[in-house]
Amino acid sequence: MKKICAFLMFALISAAGMFAQDVTGKWKTIDDETGDAKSIVEIYKQDGKIYGKIIEILNKDRQDAKCVDCPGSDKGKPVQGLVIIKGLVKDGDEYNGGKILDPQSGKLYKCLIELENPDKLKVRGYIGFSLLGRTQYWARVK
């Protein structure tokens, strides 16, 4: 009887892990300072890493915006279609080790993302240590 109970507990825990949500999908970005929705970012996996691309700009006045201050090959590109999250890897419950680009300022930050719940994503951009940075919470688009 103990073996059956142990097996059932193991199976239940394993099944719960299989149905756990991940960070991929479409997310509405919410500005941490104004609370305004800014864009829709599609987060996807490529070569075992996590990336995020702006697929829609919600402010009609900014839909043709270019990334004038962005570094490298992103300089001058349209913000819509720009890959802003690059190269994150899973580390426990969070994804880190990559970068996030702020297309308004053109600055590149270290990044970590973590699901707060299936429909809320914590996105943190920082310099040096994660204590020195900003956090936004994005909402899953259904």
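The figures that follow rest on heavy atoms only: side chains count, while hydrogens, waters and symmetry mates do not. Small disclaimer: the values here were computed from a predicted structure and weren't measured.
Linking Ile, Leu, Val, Met, Phe, Trp and Tyr residues whenever their side-chain heavy atoms come within less than 4.5 Å places Leu115 and Tyr95 in a single cluster. Clustering ILVMFWY residues whenever any of their side-chain heavy atoms sit less than 4.5 angstrom apart, transitively, puts Tyr109 in the very cluster that holds Trp27. Hydrophobic clustering places Leu108 together with Leu82 (ILVMFWY residues linked when any side-chain heavy atoms are closer than 4.5 Å, directly or through intermediates).
A donor-acceptor distance shorter than 3.5 angstrom exists from the side chain of Gln63 to the backbone of Ile57, with no hydrogens or angles considered. Between the side chain of Arg134 and the backbone N or O of Arg124 there is no donor-acceptor pair closer than 3.5 Å. Judged by distance alone, the side chain of Ser39 and the main-chain N or O of Leu58 form no donor-acceptor pair under 3.5 Å.
Considering Val141, Ile84, Leu121 as possible partners of Val41, the one that fulfils the side chain to side chain contact (heavy atoms under 4.5 Å, CB included) test is Ile84.
Atoms CG and CH2, from Asp32 and Trp138 in turn, are 11.0 Å apart once rounded to the nearest 0.5 Å. Summarising the geometry, atom NZ belonging to Lys26 is positioned 12.0 Å from atom CZ belonging to Arg140; distances are rounded to the nearest 0.5 Å. The CG atom of Leu101 lies 4.0 Å from the SG atom of Cys70; values are rounded to the nearest 0.5 Å. For the atom pair CG (Leu88) and CD1 (Ile100), the distance works out to 8.0 Å, reported to the nearest 0.5 Å. For the atom pair Lys28 NZ and Lys142 NZ, the distance stands at 12.0 Å (nearest 0.5 Å). To the nearest 0.5 Å, atoms CD (Glu94) and NZ (Lys122) are separated by 7.5 Å.
Under a 4.0 Å N-O distance rule, the pair Asp31/Lys38 qualifies as a salt bridge.
Judged by the 6.0 Å and 45° rule, Lys120 forms a cation-pi pair with Tyr137.
Cys67 approaches Pro103 most closely through the heavy-atom pair SG-O, 3.6 Å.
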For residues 47-56, please give each side-chain donor-acceptor pair under 3.5 Å, one per line with the distance, not counting sequence neighbours.
none

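Shown here is Lys107, whose NZ atom has no more than 12 heavy atoms of other residues, nucleotides or ligands within 6.0 Å. Within 6.0 Å of atom CG in Asn117, more than 12 heavy atoms from other residues, nucleotides or ligands are found, so the atom counts as buried in its surroundings.
Residue pairs meeting the side-chain hydrogen bond (donor to acceptor under 3.5 Å, both in side chains) criterion with at least one partner in residues 66-92, sequence neighbours excluded, are Asp74-Lys86, Asp91-Asn96.
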